[in-house]
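None of the values given here were measured: they were computed from a predicted structure.
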Amino acid sequence: MSSLNQYKLVKQKCELYYKIMEKSLNKKIKIKKESDKPRFGFYLYMLECLSNIKDSSEIIEKITDTDFNKAVYDDPSNDCGIDAIYINEEDRIINLFNFKYRETFKAEKKQSKNDVFTSTKFTSAIINGNSNHLEGKIKRFAEEIIAKNESSDIWKMKLYMVTNESVGLESEDEDIEQLKEVYDLEVKSIALPEISNFMSSRPEPIGAKLVLEKDAVLTYTESSLVSAKSYLIKISLPELIRITCNDKEYRDKYNIEDINPLINKDMDFAVLFDNVRGFLGDTKYNVNIFKTLKKQPTKFFMYNNGLTMTADDIETREINGKKKILIDIKNFQVVNGGQTLRTIHEFKNMDPDNLENFLCEGEILVRIFKTGSSNELTNKIAEYTNSQNAISIIDLKSLSSEQTDIEQILDDNNIIYARKIGETGISDKKEYEHKISLEKFAQLLFSIQGNPDKASNQKKKIFEKYYDQTFGEENFDISKSAHIVRRYYEIQKVYESKKEHYEPSDQKIFYIMYLDQHLEADINKNIDELEKAINEYRGEKIISPARKLIQKGFKDFLDEKLKIK
């Protein structure tokens, strides 16, 4: 059951996102009422959590809600029941969003299934392949989706019903099931309990105790001179549920015989604070985990990679005539296997009988590393143990020591560095000037270092092939981090003031950041020079200005025109 405090915490988070949005847009948004601030912030926060996109400007472009676009862009186009659209090109998933932000908290209030059916105005247009009656941003999205559905590729369509109400939709509702069949649409409900679980706030230290047979424990020390040990253990799935539940008394209660009380214990999401993954929702890996738990729980140990934990300290002692080992884990975090852990808890919650009928049959491998207070060691373990899984290279690099150093420097300069989703700054009491994502900052560095033509369409390569070059000390003076961010927003503001004459874009800003290093740092003059070059460049065939900017031929043309060596 959700609480009033959870509602208030989400509201505070959304108000922070609204402030960040205004600063990102460099303008004061004209709202009808004060409650529009957390409502619009709710759109940004939820989209960031569900899409894993950290850049505010990119998220804003995906919002189709009528009220939002009227306030931000003076565009009153009808949203047809869809408030945002995110097209996941990599997984070929069309994600539709319907947001309902409630201004007051009611503990028993349920999400209305009627909200689902308001979204069918848009889905009907998609199924019929006709977007003639649509307009504005929603029409452009519809045309893109129709083209994808008509292609030979297989695309899935999901509808996220997202609300800050206490209770979500019933998953087995007949009307919603029928909707899935008619529109080939998967409906996913996300309400206040799910949202509050992913609030990014540094948790209180979490500990747990467990007792294992000696043959279920392997120890590892780096050398004979090092006293600290790490452990490789095999535990039952009910024990994993116990030590990661949100009841401190039960986490320490290693000698329980009746496991039935665990049915009503939820997972403590604070154990995933340092996990590299964010709010991923359903994935094919979750489906496989569910399948194994249901059909072959005794094979779970063999089919699953297990979990990796880091802990400030691990204390052990032999008990019961040295036949068993008592392990006391202090301030631990699950840094790898968060999806597995969440899915096990979710499977337990689906049916009270699942704990005894299935989970009791399963075991899992858990690695526990004693890292002390070394954040660098913790981050390295998280990075390397995740590197063999299906996880973004960008998320992996977000754990690197140089990235946490940049985060600290920017925080000292009142700038939020979004290494992970849901970031609103290290301090809750600080008034931040700007927010920039790790990806956008990397693109700015890459552009400054001479690659504005590659910064937009080779973002992934920056974190793979060019990472050491981009963030290495030879090319990057970390003390200039705040200046780089402020310069980006300064250029953005000037470009916005010229949008009657020039179409602003991040691609163009990357070039101005590049020109800053070689020409007189006059933003207006450099913008004019860039726009002249765009108009003059012809290339091998007629292409759009955006396509010109990502061609090496254009950059060579610009360098020659402005005599840049």
Side-chain angles (χ1 to χ4, degrees), residues 13 15-26 41 44-45 48-49 52-60 200-202 273-274 276 278 375-376 378-379 382-383 392-449 455 459 462-463 466-493 506 509-510 512-514 516-517 521 523:
K13 189 84 164 180
E15 287 172 341
L16 276 174
Y17 267 76
Y18 179 84
K19 288 181 181 178
I20 291 167
M21 177 177 67
E22 282 198 322
K23 288 173 180 175
S24 174
L25 293 169
N26 282 313
L44 270 79
Y45 179 38
E48 183 174 318
C49 288
N52 204 23
I53 296 171
K54 307 178 195 76
D55 186 70
S56 298
S57 59
E58 191 175 345
I59 292 172
I60 290 167
S200 180
S201 57
R202 173 58 64 179
F273 184 84
D274 288 337
V276 68
N375 289 329
E376 184 173 357
T378 298
N379 290 339
E383 178 180 351
S392 163
I393 185 65
I394 298 174
D395 284 338
L396 286 176
K397 291 300 183 185
S398 73
L399 301 169
S400 301
S401 57
E402 60 270 11
Q403 297 302 331
T404 56
D405 290 342
I406 295 169
E407 178 182 40
Q408 187 60 62
I409 286 174
L410 291 180
D411 190 83
D412 291 342
N413 283 273
N414 298 329
I415 297 169
I416 300 167
Y417 190 49
R419 294 188 299 118
K420 296 167 64 176
I421 62 170
E423 292 284 5
T424 50
I426 295 175
S427 170
D428 294 333
K429 298 179 175 63
K430 188 179 290 188
E431 184 72 26
Y432 287 94
E433 180 185 348
H434 297 298
K435 175 182 178 180
I436 193 153
S437 67
L438 178 152
E439 297 97 313
K440 179 64 64 62
F441 187 78
Q443 289 175 305
L444 296 177
L445 281 186
F446 201 51
S447 300
I448 289 168
Q449 293 166 7
K459 182 164 61 175
I462 300 175
F463 290 88
Y466 304 116
Y467 184 82
D468 291 337
Q469 167 192 319
T470 305
F471 287 96
E473 292 181 0
E474 289 185 9
N475 297 319
F476 169 46
D477 181 352
I478 196 170
S479 67
K480 294 183 179 178
S481 298
H483 169 75
I484 291 169
V485 176
R486 291 192 177 109
R487 189 63 171 171
Y488 164 75
Y489 279 104
E490 188 181 359
I491 295 168
Q492 184 188 71
K493 187 174 183 178
D506 269 343
I509 296 175
F510 296 155
I512 303 303
M513 297 287 290
Y514 165 67
D516 258 1
Q517 312 306 306
I523 296 174

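The backbone N or O of Ile448 sits nowhere less than 3.5 Å from a side-chain atom of Gln517 that would complete a donor-acceptor pair. Using modelled atom types, no side-chain atom of Glu439 and backbone atom of Lys54 make a donor-acceptor pair closer than 3.5 Å.
Atom CG of Leu25 and atom NZ of Lys493 lie 12.5 Å apart (nearest 0.5 Å). Rounding to the nearest 0.5 Å gives a distance of 14.5 Å between CD1 of Ile491 and CZ of Arg486. Summarising the geometry, atom CG belonging to Leu445 is positioned 9.0 Å from atom CD1 belonging to Ile462; distances are rounded to the nearest 0.5 Å. The NZ atom of Lys440 sits 4.0 Å away from atom OG of Ser57, with the distance rounded to the nearest 0.5 Å. Note: Ser24 OG to Asp55 CG = 7.0 Å, rounded to the nearest 0.5 Å. Rounded to the nearest 0.5 Å, atoms CZ (Arg419) and CZ (Phe441) are 13.5 Å apart.
At a cut-off of 3.5 Å, with distance as the only test, a side-chain donor of Glu402 or Tyr467 sits close to an acceptor on the other residue. Tyr489 and Glu433 form no side-chain donor-acceptor contact under 3.5 Å, judged by distance and modelled atom types alone.
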Determine, stepwise, if the pair Leu44 / Ile20 fulfils side chain to side chain contact (heavy atoms under 4.5 Å, CB included).
CA-CA 10 Å; Leu44 270 79; Ile20 291 167; over 6 Å; no
Can Tyr417 and Asp411 be said to form a side chain to side chain contact (heavy atoms under 4.5 Å, CB included), step by step?
CA-CA 7 Å; Tyr417 190 49; Asp411 190 83; over 6 Å; no
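Aromatic ring orientation, Tyr17 versus Tyr45: tilted (interplanar angle from 30° to 60°). Taking the six-membered ring where the residue is Trp, Phe446 and Tyr466 present tilted rings, their angle falling between 30° and 60°.
For Ile409, the side chain to side chain contact (heavy atoms under 4.5 Å, CB included) test picks out Asn413, Ile478, Ser481, with sequence neighbours left out. Partners of Glu431 under the side chain to side chain contact (heavy atoms under 4.5 Å, CB included) rule, at least two apart in sequence or in another chain, are Lys19, Lys23.
Ion pairing of Glu490 with Arg487 is present here, as a side-chain N (NZ or NE/NH1/NH2) and a carboxylate O approach within less than 4.0 Å. Ion pair Glu423/Lys435 not flagged as a salt bridge, since none of the NZ, NE, NH1 or NH2 atoms sits closer than 4.0 Å to an Asp/Glu carboxylate oxygen.
In this structure the side chain of Ile415 never reaches within 4.5 angstrom of the side chain of Tyr432, judged on heavy atoms. Looking at Phe476 and Thr470, their side chains never come closer than 4.5 Å, going by heavy atoms from C-beta outward.
Tested against Thr424, the residues Glu15, Lys430, Lys13 include a single side-chain hydrogen bond (donor to acceptor under 3.5 Å, both in side chains) partner, Lys13.
Nearest heavy-atom pair across Asn475 and Gln449 is O-NE2, 3.5 Å. Listed here is the closest heavy atom pair of Ile484 and Met513: O-CE, 3.6 Å.
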